[in-house]
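A, B, ... follow the sequence lines: proteins, then strands. Residue 1 opens every chain.
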Number of protein chains: 2
Amino acid sequence: MRLGVSPDTFPPRGHEAKRLSIVDAAAGVFCREGFAGANIDLIAAEAGVSRQTVYNHHGDKEKLFIAVVRDLTERCNAGIFATIATFPDQPGNIEADLIGFAVRLNQNCICNRDGKFLRKLIQTEGERYPELFAEWREQGPGRTWPALAARFARLAYGGYLVIEDPDVAARQFLGLVNAELQTTFMLGGTPSESEVVQSATNGVRTFLRAFGKRPAPAGVKKQATLANA
Amino acid sequence: MRLGVSPDTFPPRGHEAKRLSIVDAAAGVFCREGFAGANIDLIAAEAGVSRQTVYNHHGDKEKLFIAVVRDLTERCNAGIFATIATFPDQPGNIEADLIGFAVRLNQNCICNRDGKFLRKLIQTEGERYPELFAEWREQGPGRTWPALAARFARLAYGGYLVIEDPDVAARQFLGLVNAELQTTFMLGGTPSESEVVQSATNGVRTFLRAFGKRPAPAGVKKQATLANA
DNA sequence: ACAAATTTAGACAGCCTTGTCCAAATCGTC
DNA sequence: GACGATTTGGACAAGGCTGTCTAAATTTGT
């Protein structure tokens with residue numbers, strides 16, 4: 001829709017550019033101050049436009065807020081699907097490949113600007129706009145989680161993992177690779193890259209202890225290969 | 001301090017009662033509306049007192065907010081420690097016992113009113129009061145996570161689990177048993193009891209696949225006992 | 001029942017915010 | 001260079017909120 005083809009009856013190119021910069025600035029201010037605390041003058045200033053222009057483009061504060069959430073949802077979803085497309089379907093080294101995937105997911109979708117903002121807006125104002133966030137839920141987790149589960153199912157079918165319920169496994173994968181980042185997320189912080197890698201590494205190792213095929217067929221002491229840390 | 005002994009020079013009994021009802025009402029309003037959107041008149045109305053009484057007790061809006069967060073932190077911490085005290089140190093049936101513990105933790109500390117409110121306030125306003133929430137971090141996760149890790153270490157020492165790093169295991173335990181509740185939490189909802197049990201059951205099963213001692217000493221097909229769901 | 005402390009209701013000033021209006025300035029295009 | 005659309009800045013009304021003040025009503029302890 002946004003990336004559609006040449007709407008030739010388009011107003012000046014700067015028009016759309018301003019719309020974008022307003023939505024961007026608004027996202028930041030809504031996140032920092034909350035809906036009630038967000039100040040249109042401040043949004044206009046941060047967007048580098050006049051207050052009147054904000055009203056020209058978006059009508060009122062509530063419509064602007066809705067535009068912000070829709071924009072973020074759209075961008076985040078695109079990012080998540082692009083990242084899921086890099087899922088290792090035929091891993092050479094399943095541990096390393098899953099860790100790489102988890103790190104990409106975190107860095108490109110969860111810890112980046114859009115991801116942080118969308119998450120915070122959902123947490124903060126989710127109850128105020130039930131239908132808007134129901135829409136997010138359908139378009140977001142409702143579509144991305146099954147997509148991820150399908151990838152894990154394929155990995156199981158290929159003999160790389162032993163999984164009964166791919167949906168549960170997918171959710172637990174996310175829970176595990178983010179287990180060490182919860183406190184940072186809570187406070188709105190951005191984990192350092194090494195924290196992300198650390199959490200992903202620990203998470204994937206545990207995930208594979210639960211769902212991975214045992215490397216040694218039989219006889220060998222089972223935990224010995226892992227427990228020598 | 002609050003639970004100290006007999007402050008005999010205490011004003012009327014209703015004084016402290018009113019203070020409590022104000023803080024309680026304020027917690028609800030701050031959560032629903034955010035700090036900026038919270039209305040002192042509304043808080044007073046919900047607390048069943050006059051606006052002036054709110055100011056008499058707490059000075060101004062910011063002090064009231066701080067009192068709310070401190071109160072919630074204190075109560076939640078108490079609840080978490082009380083629940084950790086029920087950790088199964090010598091489990092008869094480790095799966096059932098850990099599931100029970102996870103359910104208690106969720107119901108008594110995370111899904112209850114105080115837990116929901118504290119979580120939302122931290123997410124919403126954490127960046128606005130760095131020192132206040134740093135305090136929460138020290139008193140909360142900083143104390144409860146190690147306490148939980150110590151219990152898991154004891155379980156490993158007792159031969160019930162195989163764990164290298166108890167801190168990591170504790171965080172992953174929490175991540176796993178809450179894996180299926182994330183979306184609900186995001187939107188501020190309260191999961192039903194069956195959802196909590198379901199998530200805890202799946203989480204504990206996976207946790208034990210990763211860290212549990214294999215039930216059959218040797219020879220038997222390893223996943224067979226678990227994979228027949 | 002009395003005295004002290006607390007609570008209440010209402011009014012009030014000061015401030016901030018939203019959303020509108022308008023004339024002048026600017027921009028993009030032909 | 002000229003024209004039309006867009007943007008700008010400033011003024012403006014209407015409304016909401018915080019925090020203070022006061023005198024009257026109520027509660028509490030003795």
Send over the distance from Phe30(A) CZ to dT18(C) P, rounded to a whole Å.
-> 9 Å
Integer-rounded Å distance: dA24(C) P and Gln52(A) CD = 17 Å
Separation of Asp41(A) atom CG from dC12(D) atom C1', in whole Å?
-> 14 Å
Reckon Ser50(A) has a side-chain N or O less than 4.0 Å from the OP1 or OP2 of dG9(D)?
-> no
Whole-Å distance, Ile22(A) CD1 to dT7(D) P, equals 8 Å
Of all the nucleotides listed (dT20(D), dT8(C), dT7(D)), which has the minimum atom distance to the side chain of Arg51(B)?
-> dT20(D)
To the nearest angstrom, how far is Ile40(A) atom CD1 from dT20(C) atom C1'?
-> 13 Å
On a heavy-atom basis, the closest approach of Ala102(B) and Val177(B) is CB-CG1, 3.8 Å
Do Gln182(B) and Asn178(B) have a side chain donor and acceptor closer than 3.5 Å?
-> no
Heavy-atom nearest pair, Ala47(A) first then Ile22(A), reads CB-CA, 3.8 Å
Checking all strands, does Ala36(A) fall into the base, sugar-phosphate, or nothing category for heavy-atom contacts under 4.0 angstrom?
-> nothing
Within the structure, does a side-chain N or O atom of Asn39(B) lie under 4.0 Å from either OP1 or OP2 of dT18(D)?
-> yes
Going from CZ on Phe211(B) to CG on Leu155(B), what distance comes out if it is rounded to the nearest 0.5 angstrom?
-> 12.5 Å
Among Glu46(B), Arg19(B), Arg113(B), whose side-chain contact (heavy atoms from CB on, under 4.5 Å) with Asp24(B) holds?
-> Arg113(B)
Lys61(B) NZ to dG16(D) P: how many Å, rounded?
-> 15 Å
With the side chain defined as heavy atoms from C-beta on, Tyr55(A) is closest, among dA11(C), dT8(C), dT20(C), to dT20(C)
Grab the CD-P distance between Glu62(B) and dT18(D) for me, whole Å please.
-> 13 Å
Please report, rounded to the nearest Å, how far the C1' atom of dT27(D) is from the CG atom of Asn56(B).
-> 15 Å
Would you mind classifying the nucleic acid contact of His57(B) as base, sugar-phosphate or nothing, using non-hydrogen atoms under 4.0 angstrom?
-> sugar-phosphate
